[in-house]
There are 2 protein chains.
Amino acid sequence: MTRTAEQRRTDAKVVYDAYMALCPTRQVMATVGDKWAGLVVNALADGPRRHGELRTRIAGASQKMLTQTLRALERDGLVTRTVTPSVPVRVDYELTALGRSLLPVLQALKAWSETHIEDVLTAREAYDAREAANA
Amino acid sequence: MTRTAEQRRTDAKVVYDAYMALCPTRQVMATVGDKWAGLVVNALADGPRRHGELRTRIAGASQKMLTQTLRALERDGLVTRTVTPSVPVRVDYELTALGRSLLPVLQALKAWSETHIEDVLTAREAYDAREAANA
DNA sequence: CCGCATCCTACTTGATACTG
DNA sequence: CAGTATCAAGTAGGATGCGG
């Protein structure tokens with residue numbers, strides 16, 4: 001009875017989930033569009049890095065987020081994690097071939113960003129000014 | 001006194017924000033990497049769409065999220081919002097030149113995703129299997 | 001030195017109801 | 001039809017302390 005509307009929404013959500021699950025782009029976006037993943041991949045572009053180096057290099061990422069991000073990238077086969085069981089332990093991260101194949105795409109995105117960021121910022125200012133005027 | 005921890009958190013956040021503010025790529029990623037923005041831009045690729053059309057087409061996005069996403073895109077100058085004051089009101093959204101210039105990049109990302117999604121999924125399975133074995 | 005586990009906060013998202 | 005406001009809930013992010 002009163003379930004009709006609720007039901008329809010639930011159905012829509014299921015359809016949506018099914019759609020999302022089938023969309024490779026969104027799955028990839030979930031990884032590369034992640035708050036830190038892009039930075040990490042970029043930081044690894046030059047070569048292998050140790051955990052601590054990345055932490056310094058990316059300043060702002062908590063140790064937790066860094067580890068979490070690295071593990072996600074490792075899981076997706078974009079980076080390898082090499083543990084050297086010395087004392088103390090040493091851990092190196094390096095891009096895999098798959099990870100490196102992503103670099104050009106990231107570069108393209110970066111290029112677009114750097115090229116158009118001004119337009120975006122200008123548009124943003126104009127928009128905000130308009131908003132302020134209306135308020 | 002009890003402000004110390006709070007204070008440090010604020011400071012750290014400021015440093016982080018300053019870093020982020022200087023990175024055009026991250027600013028752009030914040031928009032295009034958004035959960036819905038990509039879908040919306042794609043849905044608008046063919047031409048102008050009404051609010052309701054997008055809602056149908058993207059099924060799964062709540063009306064709130066759709067509006068929120070569209071406003072963000074409008075703010076960044078990627079889409080235009082045209083209101084026709086008829087009864088009832090009609091609103092059309094359309095990609096701007098800037099928005100269309102983003103399409104190729106999105107396509108590149110999509111292409112990479114479709115090409116490598118299998119590798120990613122394979123890596124993911126292998127990783128999870130390894131995890132399960134360890135647990 | 002690395003990373004895991006815990007706790008806690010804040011932001012994001014979604015459902016619902018109401019206005020123009 | 002389009003959009004806004006409010007409230008509840010889930011999730012991501014961060015601080016801290018412990019273990020390998």
Side-chain angles (χ1 to χ4, degrees), chain A residues 2-14 16-17 20 30-31 33-37 39-40 48-56 58-75 79 81-93 131 134-135, chain B residues 2-17 19-20 26 30-31 33-37 39 48-72 74-75 79 81-93 131 134-135:
Chain A
T2 44
R3 273 237 162 146
T4 316
E6 205 174 309
Q7 191 64 46
R8 255 187 310 159
R9 243 166 254 141
T10 304
D11 290 353
K13 197 161 177 39
V14 170
Y16 153 70
D17 286 343
M20 292 293 267
T31 299
D34 179 79
K35 200 174 182 185
W36 306 106
L39 273 326
V40 172
R49 297 280 170 190
R50 297 188 56 180
H51 181 102
E53 288 181 297
L54 290 172
R55 182 131 170 59
T56 303
I58 302 186
S62 65
Q63 177 267 3
K64 177 187 174 183
M65 279 303 102
L66 189 55
T67 299
Q68 194 171 303
T69 303
L70 285 166
R71 288 183 70 89
L73 292 173
E74 188 194 358
R75 191 169 103 99
V79 307
R81 177 168 170 272
T82 310
V83 181
T84 308
S86 52
V87 180
V89 188
R90 176 198 172 98
V91 184
D92 289 274
Y93 293 93
E131 281 304 288
N134 292 348
Chain B
T2 45
R3 273 234 163 148
T4 317
E6 206 174 309
Q7 191 64 46
R8 257 187 310 160
R9 236 168 267 142
T10 306
D11 291 353
K13 201 162 174 34
V14 168
V15 171
Y16 155 71
D17 284 344
Y19 177 70
M20 292 293 269
R26 289 221 71 79
T31 299
D34 179 79
K35 199 174 179 184
W36 305 107
L39 273 327
R49 298 278 170 192
R50 299 187 56 178
H51 182 103
E53 287 181 300
L54 290 173
R55 183 131 168 63
T56 304
R57 196 165 169 136
I58 301 186
S62 64
Q63 176 264 10
K64 178 188 175 183
M65 280 303 102
L66 188 55
T67 299
Q68 195 170 302
T69 302
L70 285 166
R71 287 181 67 91
E74 187 195 359
R75 191 170 102 101
V79 307
R81 177 167 169 276
T82 311
V83 182
T84 308
S86 51
V87 180
V89 186
R90 176 196 172 100
V91 183
D92 288 274
Y93 291 94
E131 281 305 287
N134 292 347

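Here is how names work: the chains are called A, B, and so on, in the same order as the sequence lines, proteins then strands, and each is numbered from 1.
Within the 4.5 Å cutoff, side-chain heavy atoms of B:M65 are placed close to those of B:Q68. Side-chain contact between B:H51 and B:Q63: present, with at least one pair of heavy atoms (C-beta onward) separated by less than 4.5 Å. Between A:E74 and A:L70, every side-chain heavy-atom pair lies at or beyond the 4.5 Å cut-off.
In this structure, A:R71 atom CZ and C:dA5 atom P are separated by 9 Å, rounded to whole Å. Counting to the nearest Å, the P atom of D:dG3 and the CD atom of A:E131 are 13 Å from each other. What separates CG of B:L66 from C1' of D:dC1 is a distance of 13 Å, to the nearest Å. In this structure, the CD atom of B:Q68 is 11 Å from the C1' atom of C:dG14, given to the nearest Å. Computed from coordinates, the A:M65 CE to C:dA5 C1' distance equals 13 Å when rounded to whole Å. Taking atom CG on B:L54 and atom P on D:dA2, their separation rounds to 9 Å, with Å as the unit. One can place CG of A:D34 at 13 Å from C1' of D:dT11, the figure rounded to the nearest angstrom.
Among the nucleotides C:dG3, C:dA15, D:dC1, the one closest to any side-chain atom of B:S62 is C:dA15. Listed nucleotides D:dG14, C:dC2, C:dC1 differ in distance to A:K64; the shortest reach to its side chain belongs to D:dG14. Side-chain atoms of A:T67 lie closest to C:dC4 of the nucleotides C:dC4, C:dC2, C:dG20.
Between D:dG3 and B:R81, a contact under 4.0 Å exists linking OP1 or OP2 to a side-chain N or O. Look at A:R90 and you won't find any side-chain N or O under 4.0 angstrom from OP1 or OP2 of C:dC2. Regarding contacts with the backbone of C:dC11, every side-chain N or O of B:K35 stays at 4.0 angstrom or more from both OP1 and OP2. The side chain of A:Y93 contributes an N or O atom lying less than 4.0 Å from OP1 or OP2 of C:dG3. Here B:H51 reaches the OP1 or OP2 of D:dG3: one of its side-chain N or O atoms lies under 4.0 Å away.
Residue A:R55 is classed as having no contact, given no heavy-atom separation below 4.0 Å to the nucleic acid.
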Test side-chain contact (heavy atoms from CB on, under 4.5 Å) applied to B:L39 and B:R57, step by step: CA-CA 9 Å; B:L39 273 327; B:R57 196 165 169 136; over 6 Å; no
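Across the interface with DNA chain D, nearest-nucleotide mapping of A:P88 and B:R50 shows B:R50 to be the residue nearer the 5′ end.
Between the CH2 atom in A:W36 and the CD1 atom in A:I58 there is a gap of 8.0 Å [rounded to 0.5 Å].
With hydrogens and angles left out, the side chain of A:Q63 and the base of C:dC4 share a donor-acceptor pair within 3.5 Å.
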